[in-house]
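Before any comments, here is the structure.
Just follow the structure's listing: the first ligand is 1, and inside any ligand the first atom is 1.
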Amino acid sequence: MLEVRDLHLSYGRIRAVQGVDLDVAAGEIVALVGVNGAGKSSILKAIAGLERPERGAIRFAGRGIAGWPAHRALAAGIAYVPEGRMIVGTLSVRDNLRLGAFARSDGAELGTEIERILGIFPDLRDRLDEPGASLSGGQAQMLALARGLMAAPKLMLLDEPALGLAPVMTRAVFALIARLKAEGATILLVEQNVVEALALADRAYVIESGRIVKHGAASLLARDPGLREAYLGLSREEPA
Ligand SMILES: Nc1ncnc2c1ncn2[C@@H]1O[C@H](COP(=O)(O)OP(=O)(O)OP(=O)(O)O)[C@@H](O)[C@H]1O
Ligand SMILES: [Mg+2]
């Protein structure tokens with residue numbers, strides 16, 4: 001469904017992405033892991049049309065989309081759920097959800113869609129009329145994911161959905177991703193909770209300084225001694 005070939009992206013003189021190849025097949029969960037500054041968000045932003053790649057190809061559902069603006073990528077079925085959530089604090093939870101659907105052209109009835117999404121995120125129901133800013137960190141992350149789903153995306157790009165969350169909310173986020181997977185969603189997941197991400201993903205890529213240094217079946221990478229050593233210190237601390 002998604003094919004990235006020889007992707008390069010720079011910010012001025014900072015070469016954030018240096019020749020990345022990456023694939024996501026329909027129905028797959030693919031994890032992209034790496035330390036801070038490795039280039040993970042930059043790859044997602046290039047796919048979502050939020051940063052312009054310097055060179056390389058991005059094919060989605062058979063079409064070349066490199067350099068497309070974000071609204072076109074979204075309309076084509078790519079939903080990006082950014083790091084830091086980016087929900088609109090002054091808008092109600094309901095209006096934040098509506099925003100997620102703005103690029104849909106399938107004529108879906110918004111009320112019905114919101115009901116469908118609330119079936120997945122029941123905790124948001126009581127908060128529908130409250131401003132986004134009133135939500136806790138975990139609720140805000142749920143809203144950001146819910147808003148992404150409102151676009152009925154073919155591909156979801158999730159950028160550190162558990163960042164900054166308490167362990168109980170982190171588990172809720174991973175449980176949600178597992179549910180989306182069971183429902184057939186296609187997801188490219190950036191996570192620093194490497195153990196959890198590899199447990200959930202079908203395949204994974206490890207990125208260092210803008211380059212993919214390892215990739216393969218997530219179950220194999222989870223047992224990779226080098227990876228365990230490099231990332232054990234980064235994995236979420238287990239609650240006592
Ligand atoms: N808007 C920007 N302007 C300049 N440099 C940037 C910008 N965004 C990212 N960078 C730099 O590009 C490199 C890759 O950043 P990126 O955000 O893609 O990494 P990341 O793997 O997502 O890191 P993190 O885990 O901290 O989110 C880093 O050196 C970062 O400082
Ligand atoms: Mg990032």
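Residue pairs meeting the salt bridge (Lys or Arg N to Asp or Glu O under 4.0 Å) criterion with at least one partner in residues 58-81, sequence neighbours excluded, are Glu3-Arg59.
Taking Tyr205 as the reference, His215 meet the ring pair (Phe, Tyr, Trp, His ring centres under 6.0 Å) condition, with sequence neighbours excluded.
Comment: Lys40 does not engage Asp159 in a salt bridge, judged by the lack of any side-chain N to carboxylate O separation of less than 4.0 angstrom.
Within the 4.5 Å cutoff, the side chain of Leu32 has heavy atoms near those of the Ile212 side chain. Between Phe102 and Leu74, the closest side-chain pair of non-hydrogen atoms falls below 4.5 Å.
Near ligand 1, residues Tyr11, Ile14, Ala16, Val35, Asn36, Gly37, Ala38, Gly39, Lys40, Ser41, Ser42, Glu83, Glu160, Gln192 each place a heavy atom inside the 4.0 Å sphere around the ligand atoms.
The environment of CD in Glu208 is sparse: at most 12 heavy-atom neighbours from other residues, nucleotides or ligands sit within 6.0 Å. Other residues, nucleotides and ligands contribute more than 12 heavy atoms inside 6.0 Å of the CZ atom of Arg116.
Looking only at protein N/O/S atoms, the ones less than 2.8 Å from the Mg ion (ligand 2) make 2 in total.
At least one donor-acceptor pair under 3.5 Å links the side chain of Glu191 to the backbone N or O of Ala162.
If you run side-chain contact (heavy atoms from CB on, under 4.5 Å) between Ile58 and each of Leu22, Ile43, Leu2, only Leu2 comes through.
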